[in-house]
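Comments concern the structure below.
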Amino acid sequence: MTSTDVPAGSGIPGGSPGGALGTLTALGRLSDYWVTASLRTWRGSVVSAFLSPIFYVLAMGVLLGGFIEGDPDRLEGAPTYLAFIVPGLVAAHAMQTAMAETSWPVFSNFKWNRVYDSMVATPLTVRQVALAHLVSVTVRITLICAVFVVVTAPFGVYATWWGPLLGLGVQALTGICFGSLMYGYSCRITTDAAFGVLFRLVVFPMFLFSGAFFPVANLGPVGERLAQLTPLWHGVHLSRMLCLDTVDGPVALLNLAVLLVVTAVGVRWAVTGLERRMAW
Amino acid sequence: MISARGLRKAFGEFEAVRGIDLDVRRGEAFGFLGPNGAGKSSTMRMVAAVSPPTDGELRILGMDPAVDGPAIRGRIGVCPQADTLDSELNVRDNLVIYARYFGIGRAEARARADELLELVNLTEKAKAKVDDLSGGMKRRLTIARSLVNRPELLLLDEPTTGLDPQARHLLWDQLFRLKSSGVTLVITTHYMDEAEQLCDRLVVMDGGVIAAEGSPAALIAEHSSREVAEVRFGSADTAADAVNPHERYAEQLADLGDRVEVLPDRLLVYAADGDTVLEGVHARGLHPVATLVRRSTLEDVFLRLTGRTLVD
């Protein structure tokens with residue numbers, strides 16, 4: 001017997017009345033977990049997060065794109081198909097990665113490995129636990145997109161040096177916009193079979209038809225309007241305008257506003273979802 | 001440490017805890033004894049300030065969990081029924097990271113992790129993956145983790161369920177040491193021997209209500225006899241009809257003790273002297289295939305109060 005000879009109850013630094021922590025303090029306390037967990041699992045995510053998009057760029061941008069005539073009038077201002085596809089593909093990949101990170105991993109954290117249960121048994125609140133997870137997903141997406149930008153820069157697809165930097169922010173925002181929506185969905189389903197349905201019927205079609213691979217004008221008037229209703233199109237479009245330096249001010253503001261509003265709704269949906277889930 | 005009045009927890013139509021009153025004093029080991037579904041874990045989650053009560057009054061360390069949840073959780077330790085260890089992290093990191101949730105500095109967190117690994121005899125496994133630990137080791141690690149904030153009150157939900165006898169005794173020993181160092185223990189269990197070993201005072205829960213309260217010895221004295229004679233009759237005697245034939249024997253033995261309980265495979269005759277009961281059984285020309293005289297336990301108390309056994 002050694003350690004428990006220390007007087008009981010002597011272990012906690014002082015807090016505010018009621019013990020509620022500020023959000024930043026709580027996020028700081030949770031950051032050690034997310035950093036450590038990420039470092040322990042980075043090998044597994046390298047293939048899906050970094051190599052897959054690079055394969056996409058090589059296969060579709062370089063090799064398939066070699067058969068496509070570089071016509072800026074038909075490619076939303078892009079001089080080549082590679083320049084057209086890269087900004088949109090990164091945004092779409094950010095969406096897919098964020099949704100993958102907030103589907104089974106979130107479900108597992110309250111259903112299988114119960115990591116959230118251990119977190120909320122401490123002074124942290126459910127809301128803070130949800131926000132910390134969303135922040136960690138945002139950081140991961142930003143890093144993945146940043147690697148993408150660095151890898152694709154030598155192909156000469158960016159019109160300015162600052163465009164891809166702003167585009168990076170939009171791509172990360174696109175990711176967390178969908179990540180937060182998926183987080184809330186994960187908290188409200190009863191079986192993980194629900195993910196398969198969503199990914200097959202919603203996520204994958206959206207990935208293909210929201211303007212990442214071809215201009216949505218090709219979908220016809222109705223199809224184009226439908227595609228433009230998805231937040232992904234707004235992310236893809238804004239990312240592309242920034243990377244190609246073809247920014248149309250009002251449209252860009254609309255794109256940004258849609259992403260911000262949906263993200264705000266998504267974060268709320270995620271936090272209330274986890275609060276409901278953990279209040280049994 | 002804990003005070004509850006009319007505490008209720010409902011999930012839709014289902015009422016898991018149906019108005020219980022509790023008082024847990026500082027420094028004692030308090031138990032909730034009951035079968036699965038009795039409402040023990042629901043009560044523990046309310047006491048742990050993670051599950052809001054549906055109704056009633058609850059004070060933990062003098063505070064209201066609805067208002068002071070984070071402050072309460074900062075001063076208690078929780079060892080949940082399921083090990084919620086993180087398999088992505090190694091053994092030591094599970095403790096260090098958990099300490100960080102309480103705002104304990106990194107250097108201090110590492111020092112406490114090493115102390116606690118020593119306490120639960122897991123120092124050699126510090127770098128091991130959680131998945132490589134045995135069930136008993138995981139349980140000890142979970143208990144170590146619940147101590148990282150040096151809690152005044154430690155909540156243990158079914159701490160030894162699923163462990164082999166050796167691992168259980170090792171854990172009991174560690175819990176005794178914690179209690180002697182001043183930590184208040186609250187334990188749920190459906191093992192009557194665990195409740196008798198560990199608890200100064202306990203409540204028997206069944207169907208979301210408290211059926212009885214007191215020390216193990218007082219509960220036994222109040223609700224059972226000093227001894228129990230267990231009498232089992234063979235299949236040749238019991239195959240005669242579809243009704244449990246022990247029922248038939250129960251009528252013949254009813255006057256030998258204070259009370260007779262019929263179980264599917266044996267009779268329990270409650271009496272001050274079990275040997276005298278067995279002499280009476282043989283004197284009536286009956287020939288049981290197995291007999292046993294033992295002291296009354298909390299299992300008998302539970303059977304008396306609820307008509308059911310603790311572990312189905």
Side-chain angles (χ1 to χ4, degrees), chain A residues 1-22 25-42 44 105 108-129 132 275-276 278-280, chain B residues 11 42 45 48-52 61 63 67-78 80 82-90 93-94 96-106 108-109 112 115-116 118-119 142 145-154 177-178 180-184:
Chain A
M1 190 68 190
T2 51
S3 61
T4 52
D5 291 337
V6 178
S10 64
I12 301 305
S16 60
L21 303 170
T25 305
L27 294 182
R29 291 185 182 185
L30 281 157
S31 65
D32 283 41
Y33 169 74
W34 288 109
V35 169
T36 309
S38 299
L39 290 176
R40 294 224 184 267
T41 56
W42 69 271
S108 172
N109 279 358
F110 57 71
K111 185 87 172 180
W112 298 319
N113 69 28
R114 316 275 294 264
V115 168
Y116 288 154
D117 284 276
S118 67
M119 289 174 173
V120 302
T122 72
L124 304 166
T125 62
V126 176
R127 177 178 160 275
Q128 291 161 345
V129 166
E275 282 175 341
R276 278 172 47 169
M278 301 298 287
W280 53 280
Chain B
F11 303 100
S42 296
R45 283 179 53 79
V50 293
S51 173
L61 303 167
M63 293 180 279
V67 179
D68 304 307
I72 293 168
R73 296 194 296 271
R75 289 169 58 187
I76 66 177
V78 177
D83 292 315
T84 55
L85 299 165
D86 196 323
S87 55
E88 308 276 354
L89 309 178
N90 69 26
D93 280 348
N94 261 280
V96 174
I97 297 287
Y98 199 70
R100 295 285 300 134
Y101 299 158
F102 290 89
I104 296 164
R106 290 191 181 89
E108 175 67 14
R112 288 194 192 186
E115 280 176 17
L116 289 167
E118 185 86 35
L119 175 76
T142 304
R145 193 182 63 176
S146 68
L147 296 170
V148 82
N149 58 327
R150 293 180 182 155
E152 295 163 64
L153 171 64
L154 181 59
R177 292 179 185 200
L178 280 172
S180 60
S181 72
V183 179
T184 306

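Naming: A, B, ... by sequence-line order, numbering from 1 per chain.
- If you run side-chain contact (heavy atoms from CB on, under 4.5 Å) between Tyr101(B) and each of Thr122(A), Leu21(A), Val120(A), only Thr122(A) comes through.
- Here Leu89(B) is the residue among Leu153(B), Asp83(B), Val78(B), Leu89(B) with the most heavy-atom pairs under 4.5 Å with chain A.
- Neither the backbone nor the side chain of Ala49(B) comes within less than 4.5 Å of any heavy atom of chain A.
- Proximity to chain A is absent for every atom of Leu61(B), based on heavy atoms less than 4.5 angstrom apart.
- Annotation: salt bridge (charged side-chain N to carboxylate O under 4.0 Å, His left out) contacts of Asp32(A) (sequence neighbours excluded): Arg100(B), Arg106(B).
- In this structure, the portion of Met278(A) lying under 4.5 Å from any heavy atom of chain B is its backbone and not its side chain.
- Taking OG from Ser87(B) and CH2 from Trp112(A), the interatomic distance works out to 12.5 Å, rounded to the nearest 0.5 Å.
- Looking at Asn109(A) and Val129(A), their side chains never come closer than 4.5 Å, going by heavy atoms from C-beta outward.
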